[in-house]
Amino acid sequence: MSSKKRLVRDLERIVGKGMVIHHPDDLLVYEYDGSVDRGLPLAVVFPASTRQVSQVMSLAYKENVPVIPRGAGTGLSGGAIAPEGGIQVALTRMRSILEVDAANRTATVEPGLVNMDLSTATARLGLYYAPDPSSQRACTIGGNVAENAGGPHCLRYGVTTNHVLALEVVLEDGSVTWLGDGYRGRPGYDLVGALVGSEGTMGVVTKVMVRLLPLPESVRTLLAVFPEMDQACAAVTRIIGRGMVPTAIEMMDNLAIRAVETAMKFGYPTDAGAILLVEVDGLAEEVDEASRQMDDLCRASGATEVKVASDALERERLWAGRKGALGALGVLAPNYYLVDGVVPRTRLLEVLSRVGEISAESGLPIANVFHAGDGNLHPCILFDERQHGHLSRVVEAGGEILKACVAVGGTLTGEHGVGLEKKAYMPLVFTNADLEAMLRLKRAFAPRGLLNPGKVFHGGPSCGEMPQRAAVGRAGAGAWV
Amino acid sequence: MSTTTVASIRASLSGVVGNSVLASEADLHRYAVDGLAPSAAVFPASEDQLSAVLALASREGWAVVPRGNGSLMALGGVPERVDVVIGLSILPSVIQHAPGDLTVTVGAGTTLAELQHKLAQEGQWLPLDPPLALRRTVGGVLATNLAGPLSLGFGTARDMVIGMKVAGPDGVITKSGGKVVKNVTGFDVAKVHLGALGTLGVIVEASFKVAPLPKKDVTAEGTFPSLASAIAAAGSLAFGTVSPQAIEVEAVKDGAMAHVRLMGGSASMERRLREGASVLRGGGAEGVEVVDGGVAAQAWLRLADFGWDAPADDGLLLRLGCLPSRVAEMAAAVVEMAARSHSAMMLTAGPGRGIVRCYIPKVASQQLDDVVAMVAEARQLAARLGGYALVERCPLELKRGVDVWGDPGDGLHLMRRLKQQMDAGGNLNPGRSVGGI
């Protein structure tokens, strides 16, 4: 019996016969995620319990085979891909809400639970889970933990790491450990904080205890149209400068507006330089006051039109263009390459102008749809992969954008993760010593490095080179940013 | 420590950083940790000097104890060894504040008071209120990571730190995170240094998300006939419309006082106050008074400093953590425990954040056995209710007989592995963290 056959048989003994995928044709689906790096796993297993995950990990440890944890596969940096083969552990069957403790506002869930399903389930208790990555209808809480996912509303409420209280983790050797326990401030090193955002390299999370927030009494959304991008940026600066922290401040540039208008017909003026979407929530009086002030600040900054929505349906309409923007870019070009750089928010305009120059120099259109409030840019470089030579220009332009972000004190990724996609750029931000300190943290959890190998750190002889291939997405429905 | 060791360590350090940053031999007793005087106390004036000192210590195998302003040196286990105390208070106090970005980067030796003063000039602040905040360095605050009452409304240091520079045991300075508010580039190494008491590295600099100063800051003080009614009433406010930024219930003679702090915009303040006061009254408050300004600020400083404001380490300060819903039960059990041991006790409870703190001033030698038993009982109580009991401060005699940290939970073996990875020589503050790390 070949070693692969034996491994598959052993895996089937753990999770059951139908719960292991190993035929090359079936594996193709698991070759990629939301990025388009590729890597074919040896097999994909679908465990149903912590015990099964632990047994799979023990087996892999014994056989010295890499393990790649996988949620919904919506990740944008290649975190769920198996570049070195190995066993993909798909956690999508483990999707129960194990406990909701309304009195203490916590929930304990399995990692395969879809992000949105948690808020839906807790709404009747007046509670919700705050981190809301744009893929929240599909992405899983486990994946969110691995990537320390953000989302539009993180401006005020923080990202995943601010909401995770405790984790049950299966370590590389198959042992099961609880990290944290929900009592804030227990003495000892903050291992939960270390594990969130470790991109599946330190352990497989099998239970997650999260903090829930009370649903706000009142929510209001403003959509402001600006003739010029610099006016929209000035409005952001003014809002923050006034000491206001809205729950979200999102921006779309002219190219994105045109794409959305062509695809969805919301009546956006196609000559607008930028659209700003601002949301505030909280107590009714505060929301009234804040939305009035923001309306004024937007107009004072040059907004020609400000729409305000307070009921859920109207708000949904204002958000629809923003949420569908990435998909809408499909009307402009068949492919996009999505960048996730972050800059200090006062440097937004400067970096956006540089992005415009990079677009002109490369001859590639670049649309911007992004989280302006926290300086998290999402330039989408548009192209057609069938055209010869486009891809290398795209990669180069993406690299230039990241360099521009770093040059003003920013960084490579705000919420998508490093994964395969950005590991070669890490030396732009970190020294070898910095990276070594991060590796030490990883080695404490996974000394053999069998978990999600080849991610985050750029090892090997090609160290320092820029990536030769881009994470290229196909624009269209089902694409989020 | 023998005179020869003192002389030779001093001579080696002097060769690296010169004499001017070394404490005189006569002053060494001032830098003693749990009665152990170091062979040298050095105050690096730059990051380079700090690196040089650490590199030398690592080559020589000296045990190094980082120190801010020395306010909370009593926290932690009795050190295994103390060779060199490294004082970080004279590192250049650089504050890079970017008001438009709501971020600040600050050297570890800067005091929190200095930082807050600078931020306030632009209408911002860092919503942290650890014990003795006014006199402590930022590095010390992060390395000890004892959250104050405001953590109910604003979270703890882990929610505010966006980047950190740390000197490793070999003196190599590394950074993680950055100066932007949203960042997943590389691993979040800063997290493990919070509360690690310098056992994994010496914090050199930190970057924070900061917040706009609240437009209104008022406190409702409710007087209650019993601790239980105060905790129930004040606790019920935590998650509703009133959503206070801090709640502390203090045991006072014949009852309790609930301090409820409301920070935020002026538009909703009237309603929050009205509703808050009405819930407190409905829950049995005999009177509700609203205070603000200096009076309120003083009260909150006192509550934050609880147990640490007494000058001598002769009292027992316990911090018990539990689920917010069980604070009343925890507090009642602690009161009963203290009554049984006939100890005069002060108590304050944070029903929203799940913390009960109790302080027994001046534990006499003959009381030691009773108090050791009380700590053990508190641990059992914590285990029963699900939680932890930390001895923040106690007389040295007592400290030698108890594990001040208690059970760090399931992850201790990983913590040991982390220590091994980050300080293989075991020279950084040996023995003072959980499990004797």
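First the proteins, then the strands, lettered A, B, ... as listed; each starts at 1.
- Heavy atoms of B:Val189 lying under 4.5 Å from chain A belong to its backbone as well as its side chain.
- Between B:Thr185 atom OG1 and A:Met438 atom CE the span is 8.5 Å, to the nearest 0.5 Å.
- A search for side-chain contact (heavy atoms from CB on, under 4.5 Å) contacts involving A:Arg448 returns A:Tyr61, A:Asn64, A:Glu172, A:Leu450, not counting sequence neighbours.
- Residue A:Glu436 does not touch chain B at all, counting heavy-atom pairs closer than 4.5 Å.
- Contacts with chain A (heavy atom to heavy atom, under 4.5 Å) involve these residues of residues 147-158 of chain B, listed by number: B:Arg158.
- Both the backbone and the side chain of A:Leu441 come within contact range of chain B, judged by heavy atoms closer than 4.5 Å.
- Top candidate by heavy-atom pairs under 4.5 Å with chain A, chosen from B:Leu197, B:Leu412, B:Asp407, is B:Asp407.
- For a residue to count as touching a neighbouring chain, one of its non-hydrogen atoms must lie under 4.5 Å from one of that chain's; by this rule B:Arg416 does not touch chain A.
- Counting heavy-atom pairs under 4.5 Å between each of B:Gly387, B:Pro212, B:Gly195, B:Gly354 and chain A puts B:Gly387 at the top.
- Contact annotation for A:Thr106: neither backbone nor side-chain heavy atoms come within less than 4.5 Å of a heavy atom of chain B.
- The residue among B:Val434, B:Val180, B:Leu194 with the most heavy atom pairs within less than 4.5 Å of chain A is B:Val180.
- Electrostatic pairing of A:Asp281 and A:Arg156 counts as a salt bridge here, judged by a charged N lying under 4.0 Å from a carboxylate O.
- The aromatic rings of A:His371 and A:His378 sit perpendicular to each other, their planes meeting at more than 60°, with 30° as the lower class boundary.
- Contact annotation for B:His413: only side-chain heavy atoms (C-beta onward) come within less than 4.5 Å of a heavy atom of chain A.
- Counting only distance, with no hydrogens or angles, the side chain of B:Ser325 and the backbone of A:Asn104 share no donor-acceptor pair below 3.5 Å.
- Only the side chain of B:Ile437 has a heavy atom closer than 4.5 Å to any heavy atom of chain A.
- Interface residue A:Ser198: backbone and side-chain heavy atoms are both found under 4.5 Å from chain B.
- Top candidate by heavy-atom pairs under 4.5 Å with chain A, chosen from B:Gly321, B:Gly409, B:Gly186, B:Ser433, is B:Gly186.
- Taking non-hydrogen atoms and a 4.5 Å limit, the residue list of residues 285-294 of chain A in contact with chain B, ordered by number, reads A:Glu285, A:Glu286, A:Glu289.
- There is no contact between A:Val169 and chain B, counting heavy-atom distances below 4.5 Å.
- Note: A:Phe457 and B:Phe187 meet the aromatic proximity criterion, with ring centroids under 6.0 Å apart.
- Only the side chain of A:Asn376 comes within contact range of chain B, judged by heavy atoms closer than 4.5 Å.
- With a threshold of 4.5 angstrom between heavy atoms, B:Val184 approaches chain A through its backbone and through its side chain.
- Neither the backbone nor the side chain of A:Leu155 has a heavy atom closer than 4.5 Å to any heavy atom of chain B.
- Of the two parts of B:Lys165, neither the backbone nor the side chain holds a non-hydrogen atom closer than 4.5 Å to a non-hydrogen atom of chain A.
- Applying the side-chain contact (heavy atoms from CB on, under 4.5 Å) criterion to B:Leu213, with sequence neighbours excluded, gives B:Ala120, B:Trp125.
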